[in-house]
Colleague: 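Mind looking over this structure? Questions follow.
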There are 2 protein chains.
Amino acid sequence: MKLVTYVNTFLKNPQNGRLKPTMQKAPEPKKRANLRDVAKAAGVSVATVSRVLNEPTVVKKDTLEKVQTAIAELKFVPSAAARAINSGRTRFVGALVPTLDNAIFARFLAALERKLSDHQLSLIVATTEARLDIEAEKAKSLIDIGAEGLIITGATHSPAFHDLIERTMVPTIITSFFDPENPLPTIGYDNATAAQLALQHLADLGHRDIAVVHGPVHDNDRTRERLAGLKALSFAGNLATFETEISHQGGADVAKQLGNLRHRPDAILCLSDVVALGVLLGLQAQKIVVPDQISMVGIDDLPTSAVTVPPLTSVHLPVSRMGECAADALAHWITTQQEPKPEKLGARLIVRGSTKEV
Amino acid sequence: MKLVTYVNTFLKNPQNGRLKPTMQKAPEPKKRANLRDVAKAAGVSVATVSRVLNEPTVVKKDTLEKVQTAIAELKFVPSAAARAINSGRTRFVGALVPTLDNAIFARFLAALERKLSDHQLSLIVATTEARLDIEAEKAKSLIDIGAEGLIITGATHSPAFHDLIERTMVPTIITSFFDPENPLPTIGYDNATAAQLALQHLADLGHRDIAVVHGPVHDNDRTRERLAGLKALSFAGNLATFETEISHQGGADVAKQLGNLRHRPDAILCLSDVVALGVLLGLQAQKIVVPDQISMVGIDDLPTSAVTVPPLTSVHLPVSRMGECAADALAHWITTQQEPKPEKLGARLIVRGSTKEV
DNA sequence: TTGACATATGTAACTAGTTTCATCAACCTC
DNA sequence: GAGGTTGATGAAACTAGTTACATATGTCAA
């Protein structure tokens with residue numbers, strides 16, 4: 001299919017900058033072969049060539065070979081656009097993530113892309129900067145350019161977005177979030193449980209005065225769910241929440257705040273590992289020793305969390321598997337028109353060195 | 001343009017799973033409007049509608065309004081596929097990066113995507129796992145599906161890849177690498193200079209026994225250039241190189257090796273910040289104090305590097321700007337057919353707390 | 001009043017595929 | 001040997017746009 005685009009544009013601009021204005025005739029920009037060319041070369045009709053491409057079994061063996069030879073000789077690749085126009089299949093889907101600047105999404109997308117390509121689907125990535133208006137806008141342009149499906153993050157979206165999905169009925173899967181009741185299928189972990197796992201661990205170790213550090217709750221239902229999970233757990237102690245930017249810097253900033261507190265909590269629960277790493281660094285800068293002076297738990301379990309000093313106790317979220325499941329589910333939805341079942345992926349606590357009994 | 005795909009597929013599967021098998025007639029899957037529908041509704045010809053879309057100035061004012069009303073009423077969005085088929089423009093480009101799992105590429109892609117969308121271009125991201133064969137394969141499928149341009153990393157590629165680009169003449173820009181002589185335009189920093197900046201800094205501080213930690217050199221010309229830059233600098237001391245995986249874990253592994261050395265170097269130069277952070281953590285795990293016992297420099301200057309303990313001295317590489325420049329250059333190349341000039345972006349040393357005079 | 005020209009719009013051909021329907025030959029059955 | 005069935009292929013219509021060319025008005029100068 002290569003070069004639909006470029007060759008055509010080229011042909012329409014004969015004064016192309018690449019051609020030197022010499023006397024010799026233009027180097028004959030060998031036009032890309034199309035179905036008709038192949039048909040002519042093979043001495044068959046276009047319908048037959050199309051059949052060779054799409055249902056080769058119905059074509060007689062020697063005809064098949066003739067056509068295939070012609071295809072090879074002319075280096076024919078069917079135009080994706082022309083195919084899309086009547087099959088309605090563009091073979092790409094879009095993924096909307098808040099940011100690429102967080103290893104958790106990068107890992108998710110890597111798995112998603114890998115698995116989608118098994119289904120012959122390309123992935124267009126769009127970042128929303130965690131803003132619902134940008135999300136709706138980018139979703140619209142993805143659908144406008146022909147995305148066959150969408151992968152989105154979380155269940156909270158703008159009315160414009162919901163309207164768009166409802167009108168267009170584009171298969172859309174929600175990730176990083178599990179809720180069997182959601183009108184759109186969700187594939188993710190239970191954020192409330194994940195947070196509870198972390199809190200329970202701290203509680204079991206005897207911590208009673210806990211700082212909860214999290215990213216912006218505005219427009220982020222994953223964070224809200226995690227916070228709600230914490231509140232739902234009957235915990236016999238104090239929880240103080242700190243909201244900050246999801247970045248190492250954001251975590252470090254909170255660490256500084258915590259260090260200055262007259263009454264310092266005895267444990268910190270970070271709702272994301274990126275923030276946790278930042279907090280850890282921030283504490284270290286103040287010579288506050290983890291876990292001796294303060295325990296720390298994170299959520300996400302990034303590979304880096306195993307390398308920190310001390311290694312971070314964290315709740316593992318299976319983002320790579322989530323990417324694979326989402327890819328399979330979306331591909332299946334697109335091909336069969338059957339909406340997939342929601343899938344709940346387990347989260348589990350990985351105890352490492354950043355937590356200690358009081 | 002929304003829903004080309006899905007509606008068509010839907011129409012071809014009237015037994016769609018979403019429709020309940022009730023008695024009432026199917027909810028009339030309101031077919032997406034096309035040019036002809038709009039023309040009929042507005043009482044004009046398809047050519048006029050097309051003109052309204054593409055060169056509205058040549059259309060009489062009240063005709064224009066009539067058509068625009070019809071477009072709005074029918075919620076008409078032109079099919080991208082149909083447009084692509086005769087304009088040859090698919091309005092998307094592909095980016096091939098080794099991995100998403102390194103903040104440096106994530107940041108680059110974020111900037112690239114942001115700027116491309118200003119040019120009305122979408123971005124398809126493909127990861128190559130730093131393998132040239134995968135790169136060539138994915139490049140081919142990107143071009144096959146109609147990518148109008150490609151953004152790639154580094155100047156070393158497989159023969160299949162070069163052949164592909166030459167045959168198809170798809171505009172392709174090399175990033176993370178600067179070489180005005182390269183047949184394909186490069187937009188990036190001078191890797192040799194960047195590495196030299198780091199080494200010179202260590203040399204100026206009096207370090208003479210330096211460990212150089214870097215990622216795989218196989219198939220990675222950026223790393224090779226950096227190493228070559230180091231060798232080219234007449235440095236009156238010892239350089240020992242350590243190759244490892246580009247990850248925090250990889251860095252930590254090397255740190256352990258270094259810690260076990262009977263004669264420990266007095267400084268570490270990491271050719272990437274991700275590795276540097278890993279090394280820093282690895283040293284810390286062994287209670288080796290930076291910079292008192294050993295100095296450290298990195299290259300990349302990730303935001304995290306400012307937060308580590310101690311904050312990492314690093315050579316800043318302007319990846320966001322690189323993304324923007326690449327987007328502009330590629331968009332310009334696609335629209336004007338004029339190959340852009342190579343662009344060299346400056347790198348500069350940011351001195352922080354991880355380096356100290358001997 | 002007529003010719004010249006510009007402006008606005010429509011007709012139909014074109015892009016590159018897929019798909020329906022018709023045709024024709026070959027084989028089998030009665 | 002006529003009739004029915006199957007298999008392979010082709011002609012032409014179809015997808016949804018763009019665009020070259022033709023045509024119909026309108027304005028102005030001669």
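A, B, ... follow the sequence lines: proteins, then strands. Residue 1 opens every chain.
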Colleague: Are B:Arg91 and B:Glu148 ion-paired here, with the side-chain N under 4.0 Å from a carboxylate O?
Modeller: no
Colleague: Do the side chains of B:Ile334 and B:Val93 get nearer than 4.5 Å, heavy atoms only?
Modeller: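 The answer is yes; the side chains approach within 4.5 Å.
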Colleague: Take the protein atom CG of A:Leu35 and the nucleotide atom C1' of D:dC14, then report the distance between them rounded to whole Å.
Modeller: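 The distance from CG of A:Leu35 to C1' of D:dC14 comes to 14 Å, rounded to the nearest Å.
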Colleague: If I take atom CG in residue A:Leu53 and atom P in nucleotide C:dA16, what distance separates them, rounded to the nearest angstrom?
Modeller: 15 Å
Colleague: Measure CZ/B:Phe76 against C1'/D:dA16 and give the value in whole Å, please.
Modeller: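 For the pair B:Phe76 CZ and D:dA16 C1', the rounded distance is 8 Å.
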Colleague: The side chain of B:Asn34 is closest to which nucleotide in this list: C:dT18, D:dG17, D:dA11?
Modeller: D:dG17
Colleague: Examine C:dT18: is either OP1 or OP2 under 4.0 Å from a nitrogen or oxygen in the side chain of A:Ser50? Give yes or no.
Modeller: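 Checking C:dT18 against A:Ser50, a side-chain N or O does come within under 4.0 Å of OP1 or OP2.
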Colleague: Let me know the distance between NZ of A:Lys40 and C1' of D:dA11, rounded to the nearest Å.
Modeller: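 So the NZ-C1' distance, A:Lys40 to D:dA11, works out to 16 Å.
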Colleague: Are more than 12 heavy atoms, taken from residues, nucleotides or ligands other than A:His119, located less than 6.0 Å from that residue's NE2 atom?
Modeller: yes
Colleague: Below 4.0 angstrom from OP1 or OP2 of C:dT18, is there any side-chain N or O of A:Arg83?
Modeller: yes
Colleague: Taking side-chain contact (heavy atoms from CB on, under 4.5 Å) as the definition, give me every residue that meets it alongside B:Lys40, ordered by chain and number, with sequence neighbours left out.
Modeller: none
Colleague: Per the salt bridge (Lys or Arg N to Asp or Glu O under 4.0 Å) rule, what does the pair list look like for residues 110-134 of chain B, sequence neighbours excluded?
Modeller: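 Checked against salt bridge (Lys or Arg N to Asp or Glu O under 4.0 Å) - neighbours excluded - the pairs reaching residues 110-134 of chain B are A:Lys138-B:Glu113, B:Arg114-B:Glu324, B:Arg131-B:Asp133.
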Colleague: Mind listing the N/O atom pairs, protein and nucleotides 6-9 of chain C, below 3.5 Å?
Modeller:
unit_1, atom_1, unit_2, atom_2, d
C:dT9, OP1, B:Thr63, OG1, 2.1
C:dT9, OP2, B:Lys60, N, 2.8

Colleague: Just the rounded figure in Å: distance from P of C:dT18 to CZ of A:Arg91.
Modeller: 12 Å
Colleague: Rounded to the Å, how far apart are A:Arg36 CZ and C:dA13 C1'?
Modeller: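 It works out to 13 Å between those atoms.
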Colleague: Less than 4.0 angstrom between a side-chain N/O of A:Ser87 and OP1 or OP2 of C:dT18, yes or no?
Modeller: no
Colleague: Test: side-chain hydrogen bond (donor to acceptor under 3.5 Å, both in side chains). Region: residues 57-68 of chain A. Which pairs qualify, not counting sequence neighbours?
Modeller: none
Colleague: D:dA16 phosphate, OP1 or OP2: any side-chain N/O from B:Asn86 under 4.0 angstrom?
Modeller: no
Colleague: If I take atom CG in residue B:Asn54 and atom P in nucleotide D:dA16, what distance separates them, rounded to the nearest angstrom?
Modeller: 17 Å
Colleague: In this structure, how many angstroms lie between the P atom of D:dA13 and the CD1 atom of A:Ile85, rounded?
Modeller: 18 Å
Colleague: Quick one: are B:Phe105 and B:Leu100 in side-chain contact, heavy atoms under 4.5 Å?
Modeller: no
Colleague: Applying side-chain contact (heavy atoms from CB on, under 4.5 Å), can you list everything that pairs with A:Asn182, at least two apart in sequence or on another chain?
Modeller: A:Ala155, A:Ile174, A:Asp179, A:Leu184, A:Thr186
Colleague: Using the ring of each side chain (for Trp, its six-membered ring), is A:His162 parallel, tilted or perpendicular to A:His157, with breaks at 30° and 60°?
Modeller: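 Aromatic pair A:His162/A:His157 classed perpendicular.
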Colleague: How sharply is the helix from C:dT1-D:dA30 to C:dC30-D:dG1 bent, taking the axes over five pairs at either end and rounding to 10 degrees?
Modeller: 60°
